[in-house]
Amino acid sequence: MSYVDGFIVAVPKDKIEAYKALAQRAGEIWREYGALSYVEAIGDDVPYGELTSFPRAVQATEDEVVVFSWITYESRESRDAILARVMADPRLKDEMENMPFDGKRMIYGGFKVAIEL
């Protein structure tokens with residue numbers, strides 16, 4: 001069964017181009033190591049809810065946009081191996097140390113696919 005890593009971040013609007021450049025490089029590396037897909041989606045219709053919402057979850061401010069992203073893998077085992085290789089890859093070292101968003105507010109997790117159509 002497939003496996004998915006998902007994450008949500010709040011990116012300052014004035015840093016969205018830097019974020020997209022980072023995501024492009026990271027996605028290419030993830031795919032090089034075996035990820036099936038790598039998707040970065042920039043919020044377009046993401047209202048700030050009264051109780052819960054994507055913006056509330058990452059404490060987004062008016063000058064930030066929510067980015068919802070996911071990476072798919074063949075399995076949890078392949079994800080673990082790919083993630084280890086990506087995190088050790090020196091091509092992302094500088095970007096990981098100087099991310100164009102506040103990593104402390106990032107929400108992420110790994111998910112077993114239950115239904116795939």
Decide whether V113 and W70 are clustered together by the hydrophobic rule: side chain heavy atoms of Ile, Leu, Val, Met, Phe, Trp, Tyr closer than 4.5 Å, transitively. yes
Which word best sums up how the rings of Y3 and Y73 line up, parallel for under 30°, tilted for 30 to 60°, or perpendicular for over 60°? tilted
Whether the S37 and T72 side chains hold a donor-acceptor pair (N or O, under 3.5 Å, no angle test) is what I'd like checked. yes
Taking atom types as modelled and ignoring hydrogens, do the side chains of Y19 and E40 form a donor-acceptor contact shorter than 3.5 angstrom? yes
Taking NZ, NE, NH1 and NH2 as the nitrogens, is one of them in [X] or [Y] under 4.0 Å from a carboxylate oxygen of the other?
X    : Y    : result
K104 : D102 : no
K20  : E17  : yes
K13  : E62  : no

Test salt bridge (charged side-chain N to carboxylate O under 4.0 Å, His left out) applied to E32 and R91, step by step: CA-CA 12 Å; E32 176 184 323; R91 294 175 287 178; 3.1 Å; yes
Report the distance from atom [atom1] of [X] to atom [atom2] of [Y], rounding to the nearest 0.5 Å.
X   : Y   : atom1 : atom2 : answer
I71 : I82 : CD1   : CD1   : 9.5 Å
K15 : M99 : NZ    : CE    : 11.0 Å
D44 : F68 : CG    : CZ    : 14.5 Å

Hey, mind stepping through D80 and R76 against salt bridge (charged side-chain N to carboxylate O under 4.0 Å, His left out) and telling me if it holds? CA-CA 6 Å; D80 291 347; R76 167 75 190 265; 3.1 Å; yes
